A.B. asks: 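Sending over a structure as structure tokens; questions will come in a sec.
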Amino acid sequence: MDYVKTDKKWNAYWENNKCHLFNEKNADNKYYIMEMWPYPSGANLHLGHWFNFGPADTFARFKKMQGKEVFQPMGFDAFGLPAENYAIKTGTHPHDNTLKNIKTMERQLCDMGAMYDWEHEVSTCFPEYYRWTQWLFLELYKKGLAYQKMAPVNWCDSCNTVIANEQVVDGCCERCGTAVVRKEMTQWFFKITEYADELLEKLDSLDWPEKTKTMQRNWIGRSEGSEITFDLPGRKDGITVFTTRADTLMGVSYVVLAPEKALVAEITTPEQKAAVDAYRAETAKASDIDRLSSAREKTGVFTGAYCIHPISGEKIPVWIADYCLGTYGTGAVMGVPAHDERDFAFAKKYGLPVKRVIKAESGEQSELPYCEHGVTENSDIFDGLKTKDATAKIQEHLSKIGKGGKKVNYRLRDWSVSRQRYWGTPIPIIHCPEHGAVPVPEKDLPVTLPYNVNFTPDGASPLRKSDEFMNTVCPVCGKPAKRDPDTLDTFVCSSWYYLRYPDNKNEKAAFNPALINKMLPVDKYVGGAEHACMHLLYARFIAKALRDMGYVKFDEPFTSLVHQGLILGPDGFKMSKNRGNVINPDTYVDEYGSDVFRMYLMFRFAFTEGGAWSDDGIKSIAKFLDRVERIVLKSHSEAKKATSAAQSGADKELAYALNYCIKAVSADFETFSFNTAIARLMELVNAMYKYEAASNSNYAYLRYVSTELIKLLAPFCPHVCEELHELTGGKGSVFNKRYPVCDEKALIKDELEIAVQINSKLKARIRVPSEADETTAKNAALDDENVIAALDGKTVKKAIYIRGRLLNLIV
RNA sequence: GCCGCCGUGGUGGAAUUGGCAGACGCGCCGGACUCAAAAUCCGGUGGUAGCGAUACCGUGUCGGUUCGACUCCGACCGGCGGCACCA
């Protein structure tokens, strides 16, 4: 069979006979499968896309053949930084490039032969879509879930612009090499922290990889502790710290503020100003990752200011140190050198007092720093209490005197959504000199992204330079006002796309809740593990927020999640243009056909593991399909000639092979174990050849097995199986047939082979009746000559019998 | 650095979740068919020793739990993903 020609024939057939697309009438029986959509930055679909989409489509086709009404949409995450940077570099326009790339990718996806519902295609960069992204922003704003605050960005002084983390190389701007500094800017945030507890709790109910759930749990990072306020003399506010070890409060010898906190400048004494300013400037150059590194030397500077210990009333010096981050907790920590590694090193370095306030429960004097739980000492009225009790007592006391108390803290931060870039969804806010930030009325949406904008970086959000865009009137007072010049993080666009697919043509609303509540949640979501913490958390948050607004009825958008592994370059490194190890899937598709290529990907790699690319043995898949074609066609032509269908013992064996294959393949689908599923199909084909080689082979039966084989194989190589289905007289699409179901009766065996071990070493294999109990198995084993020889007259003390597997005799 | 994952023959990967390590392929070796080659079909293939039955070793390294460990626990080595403006 010419696989490339077969691709074309059946792609055209599917195009003209929408035989396996979703039918809304049968939504009760829906199966919504979705792959993480591609980002159309490169001009082509890469191997990673193929590895994601090919197997996922195979799974979708399996569900279709199981009788599900499968909805498998596709779209493009079209806004984003790389498109903008590419345009800047080449002097082109991101809109034009993106549309061109989308066209190319659509063509490639069609070549792949996946059963996407193109009627439901969605792309984020079109006003028909981003109008509703803006609507979502406004809904969140109305609910108090969108707000503005100052937050740090990477700033390049030379380019005079904000730059992305990706563009920072060794602390310098990748374009010009200037040292990057952190700078505070006003930005929009979504209050994802409001949902921290639910995001954490509902993880338990999800059919997601355990590692992904663990990563999200750690990302949310819930910790129970205390908030403690140290007053600042002469000021109304104080310094509030978060700690999980309130029991060590009496051992505090200093307090540290994150250097970037605004408070620092306000409390620093004139004598310390120069040193503090210099330290703050230095800190602005370091990334959070560096600052959190425990290998980094602890540094800090005294501000000259003192705060008041809430219980002892002592004067406590206030320092700044870069290991304290402004974005975690309250941006301030208390220093207890005797009972914290880091504080101990810091205190030793700067000559701060070390006061022991915890001893081991056993009472022995351990070396400092002592960081374990224990019993309080030198703690005034709180002496002699275990960590848990001391914490509770101190919390109670603090809360009584209004200086803090029990507090739950999260590592999770609110989601920053403002981007000082052109190629994104404009933020639907108008800034009025009188009324402040005013939401754009819904009837005025979309706020259209203008085409003619100078988006080269020169100090401001690109949109700010477009008068036509910026100048508008305040919706409240009608006086001149300015639009928000920023665009939304592309993760906002992708946080709700699963809601738009089913209802993508809706011009009245983002989606029709009645339909969406029927279609959602997504039954299977397939995509990369790199999204474990951000995209997947954002999407969950948005679903919950919309639920609380009354738009949707479900709690979680993705019931079941699978990650494909990463396909590395032939050298074992991540594919990248810089490295020059990028593999283009098209060359293989053109040479072998998409079915062979798709199946090779599924057979070569474990889906969830991936691995380094190699085309070793890609021909073996074509060879296998040739083998399938030969036996299928031969069994059909021979069966016609045959006059009688003689029964034989071989039929029973082949029936076993067939049903075992059906059972194993069906189970493998559920775990995305495509490689082993294909191995089982190869075994079946081997069994068919063996059967055929037997002199008394029954072609009528072989023809039946062939028909089942075509159906079993169809999801893996859809074009080839449509062709075989037609060649063997099938009518219509093979995907309208039902997937074979295992006949358990055919799997019953009278006898099984089990292993016999003596002292856990394998000594023999014996055949026993399949229902044999321990005594029967033991007697059979003791009759075996290998066992007799190995026992060498020793007596059996104990036997461990695992039915159908092994018998271990301990002597 | 922190969080998460991975490590099995010459090679890609299997292993019913603590029960016969290496399924199914690739590669290699041998045979059949052929004038020959290709294609196809059949057989073999973890290592060491032995003619052989068989014995010993073997899942990154070291240790532990267990009748039994690729699987569980501890320490280490190597690789990968994420770390909040790449998506």
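A, B, ... follow the sequence lines: proteins, then strands. Residue 1 opens every chain. Source: prediction; values computed, not measured.
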A.B. asks: Which residue lies toward the 5' end of RNA chain B, A:Asn675 or A:Ile800, if each is placed at its nearest nucleotide?
C.D. replies: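 Whichever sits nearer the 5' end wins; that is A:Asn675.
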A.B. asks: Taking the C1' atom of each, how far is B:rC3 from B:rA55, in whole Å?
C.D. replies: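 Roughly 48 Å separates the two C1' atoms.
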A.B. asks: Could you state the CG-C1' distance from A:Asp626 to B:rC41, rounded to the nearest angstrom?
C.D. replies: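 Taking CG of A:Asp626 and C1' of B:rC41, I get 14 Å after rounding.
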A.B. asks: As a test of the definition: with a 90° window around 0 for syn, would you call B:rG79 syn or anti?
C.D. replies: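 With its glycosidic angle more than 90° from zero, B:rG79 counts as anti.
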A.B. asks: Which whole number of Å gives the distance between the C1' atom of B:rC5 and that of B:rG9?
C.D. replies: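 Comparing C1' positions in B:rC5 and B:rG9 gives a spacing of 24 Å.
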A.B. asks: Rounded to the nearest angstrom, tell me the gap between atom CE in A:Met599 and atom P in B:rC24.
C.D. replies: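 Result: 16 Å.
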A.B. asks: For nucleotides 75-87 of chain B, give me one character per nucleotide, 5' to 3': B if any protein heavy atom sits under 4.0 Å from the base, S if the only such contacts are to the sugar-phosphate, - if neither.
C.D. replies: -----SSSBBBBB
A.B. asks: Write down the distance separating the C1' atoms in B:rC57 and B:rG1, rounded off to the nearest Å.
C.D. replies: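 Rounded to whole Å, the distance is 40 Å.
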A.B. asks: Using heavy-atom distances to pick each residue's nearest nucleotide on RNA chain B, tell me which of A:Ala612 and A:Thr214 is more 5'.
C.D. replies: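 By nearest-heavy-atom nucleotide position, the 5'-most residue is A:Thr214.
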A.B. asks: If we take the C1' atom in both B:rG22 and B:rU16, what is their distance in whole Å?
C.D. replies: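 Per the computed distance, 16 Å lies between those C1' atoms.
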A.B. asks: Could you state the CG-P distance from A:Leu809 to B:rG19, rounded to the nearest angstrom?
C.D. replies: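 Rounded to whole Å, this separation is 19 Å.
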A.B. asks: With sugar-phosphate meaning primed atoms plus P, OP1 and OP2, does A:Ala606 contact a base, only sugar-phosphate, or nothing at under 4.0 Å between heavy atoms?
C.D. replies: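 A:Ala606: backbone/sugar contact only, no base atoms under 4.0 Å.
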A.B. asks: Within the 4.0 Å heavy-atom criterion, would you say A:Arg630 contacts the bases, only the backbone, or no part of the nucleic acid?
C.D. replies: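 Sugar-phosphate, backbone atoms only, no base.
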A.B. asks: Rounded to whole angstroms, how far apart are CZ on A:Phe603 and C1' on B:rU11?
C.D. replies: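 Distance, rounded to whole Å: 13 Å.
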A.B. asks: Classify the side-chain pair A:Thr178/A:Asp157 by whether it contains a donor and acceptor separated by less than 3.5 Å.
C.D. replies: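 No, no side-chain donor-acceptor pair sits under 3.5 Å.
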A.B. asks: Using a heavy-atom cut-off of 4.0 Å across all strands, would you classify A:Arg805 as base, sugar-phosphate, or nothing?
C.D. replies: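 Base, at least one base atom sits under 4.0 Å.
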A.B. asks: Quick one: list whatever passes salt bridge (Lys or Arg N to Asp or Glu O under 4.0 Å) with A:Glu210, sequence neighbours left out.
C.D. replies: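 Only A:Lys213, A:Arg217 meet the salt bridge (Lys or Arg N to Asp or Glu O under 4.0 Å) criterion with A:Glu210.
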A.B. asks: Test of understanding: with salt bridge (Lys or Arg N to Asp or Glu O under 4.0 Å), list the residues that count as partners of A:Glu751, not counting sequence neighbours.
C.D. replies: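 A:Glu751: salt bridge (Lys or Arg N to Asp or Glu O under 4.0 Å) contacts with A:Arg767.
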A.B. asks: Restricting to salt bridge (Lys or Arg N to Asp or Glu O under 4.0 Å), what partner residues turn up for A:Lys285, sequence neighbours left out?
C.D. replies: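 Result, salt bridge (Lys or Arg N to Asp or Glu O under 4.0 Å) vs A:Lys285: A:Glu282.
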A.B. asks: With the 90 degree cut-off around zero defining syn, does B:rU17 come out syn or anti?
C.D. replies: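 Base orientation: syn.
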A.B. asks: Starting at atom OH of A:Tyr801, determine the distance to atom C1' of B:rG68, rounded to an integer number of angstrom.
C.D. replies: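 Going from OH in A:Tyr801 over to C1' in B:rG68 covers 17 Å.
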A.B. asks: Expressed in whole Å, how much space separates the C1' atoms belonging to B:rU66 and B:rC73?
C.D. replies: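 The answer is 12 Å between these two C1' atoms.
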A.B. asks: Measuring only the C1' atom in each nucleotide, how far is B:rA14 from B:rG82? A whole number of Å is fine.
C.D. replies: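 Between the two C1' atoms, the distance is 29 Å.
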A.B. asks: Taking the six-membered ring of A:Trp50 (Phe, Tyr or Trp), confirm whether the NZ or CZ of A:Arg598 is under 6.0 Å from its centre and within 45° of its axis.
C.D. replies: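 Not flagged: A:Arg598 not positioned over aromatic ring of A:Trp50.
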A.B. asks: Can you give one letter per nucleotide of nucleotides 42-59 of chain B, 5' to 3': B if a protein heavy atom sits under 4.0 Å from the base, S if only from the sugar-phosphate, - if neither?
C.D. replies: -------------S-S--
A.B. asks: Compile the donor-acceptor pairs under 3.5 Å between side chains in residues 800-811 of chain A and protein atoms, sequence neighbours left out, one pair per line.
C.D. replies:
residue, atom, partner, partner atom, Å
A:Tyr801, OH, A:Ala772, O, 2.9
A:Asn808, OD1, A:Ser760, N, 2.9
A:Asn808, ND2, A:Ser760, OG, 3.2

A.B. asks: Between side-chain atoms of residues 622-635 of chain A and protein atoms elsewhere (two or more places apart, or another chain), which donor-acceptor pairs fall under 3.5 Å?
C.D. replies:
residue, atom, partner, partner atom, Å
A:Asp626, OD1, A:Tyr3, OH, 2.7
A:Arg627, NH2, A:Asn686, OD1, 2.7
A:Glu629, OE1, A:Met1, N, 3.1
A:Lys634, NZ, A:Glu692, OE2, 2.6
A:Ser635, OG, A:Ile631, O, 3.2
A:Ser635, OG, A:Val632, O, 2.9
A:Ser635, OG, A:Ser706, OG, 2.8

A.B. asks: Return yes if a side-chain donor-acceptor contact under 3.5 Å exists between A:Asp615 and A:Tyr600, otherwise no.
C.D. replies: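 On atom types as modelled, these side chains do not qualify, holding no pair under 3.5 Å.
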A.B. asks: Do A:Phe605 and A:Phe51 make the cut of ring centroids closer than 6.0 angstrom?
C.D. replies: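 When the ring centroids of A:Phe605 and A:Phe51 are compared, they turn out to be within the sub-6.0 Å range.
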A.B. asks: B:rG18 P sits how many Å from A:Leu806 CG, rounded?
C.D. replies: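 Those two atoms, CG and P, are 15 Å apart.
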A.B. asks: Who passes salt bridge (Lys or Arg N to Asp or Glu O under 4.0 Å) against A:Asp343, sequence neighbours left out?
C.D. replies: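 So A:Asp343 forms no salt bridge (Lys or Arg N to Asp or Glu O under 4.0 Å) with any residue.
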A.B. asks: Mind checking the P distance from B:rU45 to B:rC24? Whole angstroms is fine.
C.D. replies: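 12 Å, rounded to whole Å.
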A.B. asks: What is the nucleic acid contact for A:Asn218, judged by heavy atoms within less than 4.0 Å: base, sugar-phosphate only, or nothing?
C.D. replies: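 Since only primed, P, OP1 and OP2 atoms lie under 4.0 Å of A:Asn218, the category is sugar-phosphate.
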A.B. asks: Please name all residues satisfying ring-ring contact (aromatic ring centres under 6.0 Å, His included) with A:Phe716, sequence neighbours left out, ordered by chain then number.
C.D. replies: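 A:Phe669.
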A.B. asks: Report the distance from atom CG of A:Asn808 to atom C1' of B:rU66, rounded to the nearest whole Å.
C.D. replies: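 Rounded to whole Å, this separation is 11 Å.
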A.B. asks: Any base atoms under 4.0 Å from A:Gly610, or only sugar-phosphate, or nothing? Heavy atoms, all strands.
C.D. replies: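 Since only primed, P, OP1 and OP2 atoms lie under 4.0 Å of A:Gly610, the category is sugar-phosphate.
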A.B. asks: Counting side-chain heavy atoms from CB outward, which of B:rC24, B:rC6, B:rU40 is closest to A:Lys623?
C.D. replies: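 Closest nucleotide to the A:Lys623 side chain: B:rU40.
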A.B. asks: Between B:rG12 and B:rU59, how many Å separate the two C1' atoms, rounded to a whole number?
C.D. replies: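 The answer is 16 Å between these two C1' atoms.
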A.B. asks: What pairs with A:Asn675 under side chain to side chain donor-acceptor pair (under 3.5 Å), at least two apart in sequence or on another chain?
C.D. replies: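 Once residues adjacent in sequence are excluded, A:Asn675 has no partner under the side chain to side chain donor-acceptor pair (under 3.5 Å) criterion.
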A.B. asks: Please give, in whole Å, the distance from B:rG25 P to A:Phe605 CZ?
C.D. replies: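 After rounding, the gap between these two atoms is 19 Å.
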A.B. asks: Taking A:Arg291 first and then A:Asp322, would you say they form a salt bridge - that is, a charged N and a carboxylate O separated by under 4.0 Å?
C.D. replies: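 Salt bridge: no.
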A.B. asks: Who are the side chain to side chain donor-acceptor pair (under 3.5 Å) partners of A:Asn659, not counting sequence neighbours?
C.D. replies: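 Residues passing side chain to side chain donor-acceptor pair (under 3.5 Å) with A:Asn659: none at all.
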A.B. asks: Write out the stems for RNA chain B, ordered by first number and formatted as range with range, counting runs of at least 3 consecutive Watson-Crick or G-U wobble pairs under 3.5 Å.
C.D. replies: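 For RNA chain B the paired stretches long enough to count as stems (3 pairs minimum) are B:1-7 with B:77-83, B:10-12 with B:24-26, B:27-32 with B:40-45, B:46-49 with B:54-57, B:60-64 with B:72-76.
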